[in-house]
Protein chains: 2
Amino acid sequence: MQDPRINDKREDILDIAERLFAEQGFEAVSVREISREAEINIAMISYYFGSKEKLYEEIIKRKLISYKELKQGVNAFDTELEKLMFVAATVTQAFFKNRNFQKIIFREMSLNQRTHMADYLIEHMHQNFQFITDIVKRGIRKKEFKPVEVELTVMSLFAIIRMYTTSGTMICKITNKNSVEDVYDEKQRLRLIKFLRDLFTAHLLPQ
Amino acid sequence: MQDPRINDKREDILDIAERLFAEQGFEAVSVREISREAEINIAMISYYFGSKEKLYEEIIKRKLISYKELKQGVNAFDTELEKLMFVAATVTQAFFKNRNFQKIIFREMSLNQRTHMADYLIEHMHQNFQFITDIVKRGIRKKEFKPVEVELTVMSLFAIIRMYTTSGTMICKITNKNSVEDVYDEKQRLRLIKFLRDLFTAHLLPQ
DNA sequence: GTCTATATATGGATAGAC
DNA sequence: GTCTATCCATATATAGAC
């Protein structure tokens, strides 16, 4: 741990394994493949992380967004709509940046494998969710928002960002782009955020 | 094939394997487990389906919704909004009924495994998608709808239904339900459809 | 059609040399 | 820290008896 190159190497392995797990799923990736791609000896996976599963857990835990980060940013805004839009933009940015990670997370939450991991993720997601429902509920109480279905509203926000983030090949085909990378450039990110603003403004604000 | 009981047995195996694949993912399920759960000899999987992968392909291909079915139902409605709402209700019903199947489909589309299968699914999804974007485009042309982002609008519709369908444990926690089954009863289905109507009416119709 | 037994491959993990 | 060699479990698939 004292040698920074060791931490770099650890991070390398985590990055490479993250990509492989996102592309193929946990079971389909062998530690042999990870070690080959990372150009390390196969025994080093156990040496660094203990096991394939512990490596996987470390990948999952290192990038989870804390609702505390959201909480701080939100304070800069006055209206509940602007708070919600800040959250939408922050989540979109984080999801765009960590697409492989998000693929892993959402796949893991839909599986009954490694239930301690799924439970952990659901609890984490639930906290972020609660934080956002509170914004919407406050908006309704203050009559800034219409009396919408709060849970379905917040779920929709996540659903849209998530589907856009994890369905690159599909979006690519639908929008006639040449490369999946084009789906996730700055322009498209701003386009998605603008769309979310329009959609949720129409949904939430009284006319 | 002449004996109906043989087709019943085949369907039994397909149903049981579908559930296991949905819960655990393709690689994590062994043919041993399928044969145990279906109470058949392990060799019968190869005998009936040829291989584990061919069994999987049969599970995937047997329940895909054809856009032709949507096409017929849609003709009964006059406005583009009602056509779109009919599609939303039909898709919701189909997804609620075949939740395990949908889990498999969406997981498969996000994986780079079995690319011929993913390509096939993306092509299929793309056709259904095209059919729905046409409805929205027509609505915009006829000035029934505002000039919204068509692709993102249709993607959002799928995203919401999909997330609701495949995130039972999460929804269960958020809505304080006791059992995952309660999330998918008739009442909740109608609630989701009403929500979609409200959301997309506000989004699409000029005020 | 059904079963047992087995061929064959590949997986994760580690002991022990360096 | 790094590597080779190997252990051992488990996987799919099938040959061949019934």
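Below, all heavy atoms of this structure are taken into account, side chains as well, without hydrogens, waters or symmetry copies. Each chain gets a letter, A, B and so on, in the order the sequences are listed, and its residues count up from 1. Here the structure is a predicted model, which means the values were calculated and not measured.
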When you look at Thr166(A) and Arg99(A), which way does the side-chain hydrogen bond (donor to acceptor under 3.5 Å, both in side chains) test go after all the steps? CA-CA 7 Å; Thr166(A) 58; Arg99(A) 296 201 299 281; over 6 Å; no
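Per the geometry, CD belonging to Glu27(A) stands 15 Å off P belonging to dT10(D), to the nearest Å. Taking atom OH on Tyr48(B) and atom P on dT14(D), their separation rounds to 17 Å, with Å as the unit. Taking atom CZ of residue Phe49(A) and atom P of nucleotide dA13(C), one finds them 13 Å apart after rounding to whole Å. As a whole-Å value, the separation of Glu53(B) CD from dA11(D) C1' is 14 Å. Here the P atom of nucleotide dT10(D) and the CD atom of Glu33(B) are 13 Å apart, to the nearest Å.
Checking side-chain atoms of His203(A) against main-chain N and O of Phe200(B) turns up no donor-acceptor pair under 3.5 Å. Looking at Lys52(A), its side chain never comes within 3.5 Å of a backbone N or O of Ile45(A) through a donor-acceptor pair. For Lys103(B) (side chain) and Ser110(A) (main-chain N/O), a donor-acceptor pair under 3.5 Å exists by modelled atom type.
Between Lys63(B) and Glu18(B), at least one side-chain nitrogen of the basic residue sits less than 4.0 Å from a carboxylate oxygen of the acidic one, meeting the salt-bridge criterion.
By the side-chain hydrogen bond (donor to acceptor under 3.5 Å, both in side chains) test, Ser35(A) is found to be paired with no residue, residues two or more places apart in sequence or in another chain being considered.
Between His116(A) and Glu57(A), the side chains place a donor N or O and an acceptor N or O closer than 3.5 Å (distance only, hydrogens not considered).
In this structure, Tyr164(A) has its ring center at least 6.0 angstrom away from the ring center of Phe95(A).
For DNA chain C, no neighbouring residue in residues 14-23 of chain B is found when judged by any heavy atom under 4.0 Å. Near DNA chain C, meaning a heavy atom under 4.0 Å away, the residues from residues 34-47 of chain B are Asn41(B), Ala43(B), Met44(B), Tyr47(B).
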